[in-house]
Amino acid sequence: MDSLVVQPVASKREQKLFLEFPWSLYRGDANWVPPLRNNQRELVGYRPHPFYERNEAQTFLAFRGGQVVGRIAAILNRGHIERFGDPRGFFGFFECRDDAEAAAGLFDAVRRWFAERGIEKLRGPVNPSLNYELGLLIEGFDSPPTFMMTYNPPYYQRLIESYGFRKTQDLYAYWGHVSMLPGIRAKLKPVCDKIAERLGARIRYLNKRRFLEDVHLFLDIYNQSLTNTWGFVPMTESEVRHMASALRWLMVPELALGVEVDGRMAGAVFGLPDYNPRIKKIDGRLFPFGFIHLLRNKRAIKRIRVISTNVLPEYQLLGLGLVLLEGLVPKALEWGIEEAEFSWVLESNALSRGSLEKGGAKRIKTYRLYDLGP
């Protein structure tokens with residue numbers, strides 16, 4: 001076997017090799033969905049992205065016989081270190097052939113990079129943080145991922161765990177079908193009506209006339225509501241603006257709504273159409289015409305991903321999350337939505353998991369985050 005070489009990405013050519021490696025790795029895998037190419041360049045730090053205004057990343061490639069056999073990024077998330085007082089590094093964008101030596105070489109390179117900065121503990125995979133794509137798929141390989149969820153071969157679990165990484169937290173994806181709704185609504189609607197009446201809660205859909213402002217408001221609620229969530233670091237103001245700008249084209253106003261209490265927005269939920277089948281058709285290329293194919297006739301997409309149901313801390317445990325989900329149902333039916341994935345939900349979030357499971361949602365995929373070190 002040819003000898004292994006692992007080196008930091010330093011040139012434009014090496015950046016291209018890093019970005020293009022998944023296309024050869026997943027060739028023939030019917031469930032793989034390519035990333036949006038421009039978005040991937042930003043998220044690994046090859047183009048400006050607000051995440052890297054305070055954070056840092058170094059990417060690495062593994063070569064065998066002159067051919068790329070793996071890649072990884074070392075991600076220094078200063079926001080995490082400051083928030084939790086936890087000097088920990090992160091790894092992400094990990095892709096590798098079924099080659100234990102190559103995987104170990106990539107992890108060694110990441111550990112050395114962090115050791116030079118006085119950091120010994122690692123967590124991952126995150127691409128590049130908990131606010132973006134994250135987790136290693138360990139259950140649910142029989143179907144493609146939904147929009148903005150990860151996918152990988154089953155053998156990655158073996159490569160990561162054989163190096164010494166151990167589970168720190170699992171994340172779940174739940175699935176529901178429109179045929180389940182009549183039974184669920186019969187149980188939940190009277191409960192939601194009572195909650196709304198008791199609190200004086202009012203559902204408000206995203207305002208098309210002030211679309212960008214409302215998207216920004218929804219993301220602010222996301223930031224505030226997850227304050228006590230495991231591992232969560234709020235997005236910076238520039239990250240919120242950047243994400244709001246992107247979601248402006250992807251969100252459907254009818255599938256995004258908030259709940260107001262005493263005139264104040266207390267929570268929000270939004271579902272995004274599952275664009276992944278279209279991303280696959282355009283092979284991740286938005287230009288010159290890919291974006292047209294991606295965004296036209298959104299009503300033809302019959303599957304949504306309910307990304308986030310968030311309630312401000314002072315209004316949590318009052319049932320407003322149920323009110324939000326109940327408010328989403330009529331518009332989803334009007335749109336002709338047939339399926340919904342609720343993802344992701346932390347295993348430690350017993351309240352959300354319990355609500356989904358009581359409502360009949362089925363757990364279909366499990367993603368894992370790993371820790372390494374003292």
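For this chain, numbers begin at 1 and follow the sequence in order.
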**Request:** Return yes if a side-chain donor-acceptor contact under 3.5 Å exists between Tyr367 and Ser343, otherwise no.
**Result:** no

**Request:** First locate atom CD of Gln157, then atom CG of Asn152, and finally report the distance between them rounded to the nearest 0.5 Å.
**Result:** 9.0 Å

**Asked** Taking atom types as modelled, is there a side-chain donor on Thr236 or Glu53 under 3.5 Å from an acceptor on the other?
**Response** no

**Among Ile304, Val178, Val252, the one residue meeting side-chain contact (heavy atoms from CB on, under 4.5 Å) with Ile337** = Ile304

**Prompt:** Among pairs that include at least one residue of residues 272-295, which meet salt bridge (Lys or Arg N to Asp or Glu O under 4.0 Å), considering only residues two or more places apart or in two chains?
**Reply:** Arg37-Asp283, Asp274-Arg303

**Request:** Decide whether Tyr156 and Asp98 meet the rule of one side-chain donor and one side-chain acceptor closer than 3.5 Å.
**Result:** no

**Asked** Roughly how far, to the nearest 0.5 Å, is the CD1 atom of Ile307 from the CE atom of Met251?
**Response** 8.5 Å

**Message:** Can you confirm if the NZ or CZ of Arg117 lies within 45° of the ring axis of Trp113 and under 6.0 Å from the centre of its six-membered ring?
**Reply:** yes

**Prompt:** Looking at Trp335, is Arg299 sitting on its ring face, NZ or CZ under 6.0 Å from the six-membered ring centre and within 45 degrees of the normal?
**Reply:** yes

**Item:** Ring center gap for Phe60 and Phe18 short of 6.0 angstrom
**Value:** no

**Request:** Determine, step by step, whether Asn31 and Tyr26 satisfy the side-chain hydrogen bond (donor to acceptor under 3.5 Å, both in side chains) criterion, reporting the C-alpha distance in whole Å, the side-chain angles of both residues, the deciding distance to 0.1 Å, and the verdict.
**Result:** CA-CA 9 Å; Asn31 288 328; Tyr26 290 98; over 6 Å; no

**Request:** Please report the shortest heavy-atom distance between Ala201 and Val261, naming the atom on each side.
**Result:** CB-CG2, 4.2 Å

**Request:** Tell me yes or no: between the side chains of His242 and Glu237, is some donor less than 3.5 Å from an acceptor?
**Result:** no

**Request:** Check salt bridge (Lys or Arg N to Asp or Glu O under 4.0 Å) between Glu161 and all other residues, then give those that pass, not counting sequence neighbours.
**Result:** Arg368

**Message:** Using 0.5 Å steps for rounding, measure from the CZ atom of Phe51 to the CD atom of Glu42.
**Reply:** 13.5 Å

**Item:** Between Arg41 and Asn38, a side-chain donor and acceptor under 3.5 Å
**Value:** yes

**Cation-aromatic face contact Lys331/Tyr205, 6.0 Å, 45 degrees** = yes

**Prompt:** Would Val68 end up clustered with Phe91 when hydrophobic side chains under 4.5 Å apart are linked, directly or stepwise?
**Reply:** yes

**Asked** Is a donor on one side and an acceptor on the other found under 3.5 Å between the side chain of Glu326 and the backbone of Leu322?
**Response** no

**Asked** So, Tyr174 and Glu357: side-chain donor and acceptor under 3.5 Å apart, yes or no?
**Response** yes

**Prompt:** Is the charged tip of Arg363 near the ring of Tyr172: under 6.0 Å from the six-membered ring centre and within 45° of its axis?
**Reply:** yes

Pairs under 3.5 angstrom only: tabulate donor-acceptor contacts from the side chains of residues 264-272 to other protein residues two or more places apart or in another chain.
from   : atom 1 : to     : atom 2 : distance (Å)
Arg264 : NH1    : Glu314 : OE2    : 2.7
Arg264 : NH2    : Glu314 : OE2    : 3.0

**Request:** Applying side-chain contact (heavy atoms from CB on, under 4.5 Å), name anything that partners Leu43, two or more places apart in sequence or on another chain.
**Result:** Asn39, His49, Phe93, Pro128, Tyr132

**Message:** Checking Glu95 now: which residues fulfil salt bridge (Lys or Arg N to Asp or Glu O under 4.0 Å) with it, not counting sequence neighbours?
**Reply:** none

**The single option from Asn127, Asn77, Leu76 passing side-chain contact (heavy atoms from CB on, under 4.5 Å) against Phe90** = Asn77

**Fill in**
Rounding to 0.5 Å, atoms CG (Leu250) and CG (Leu295) come to a distance of 6.5 Å

**Asked** Without hydrogens or angle criteria, can the side chains of Lys365 and Thr146 be said to hold a donor-acceptor pair below 3.5 Å?
**Response** no

**Any residue meeting salt bridge (Lys or Arg N to Asp or Glu O under 4.0 Å) with Asp371, in chain and number order, not counting sequence neighbours** = Arg88, Arg123

**Between OG1 on residue Thr229 and OH on residue Tyr222, distance to nearest 0.5 Å** = 8.5 Å

**Request:** Check whether the side chains of Tyr163 and Arg111 place a donor and an acceptor atom closer than 3.5 Å, and report yes or no.
**Result:** yes

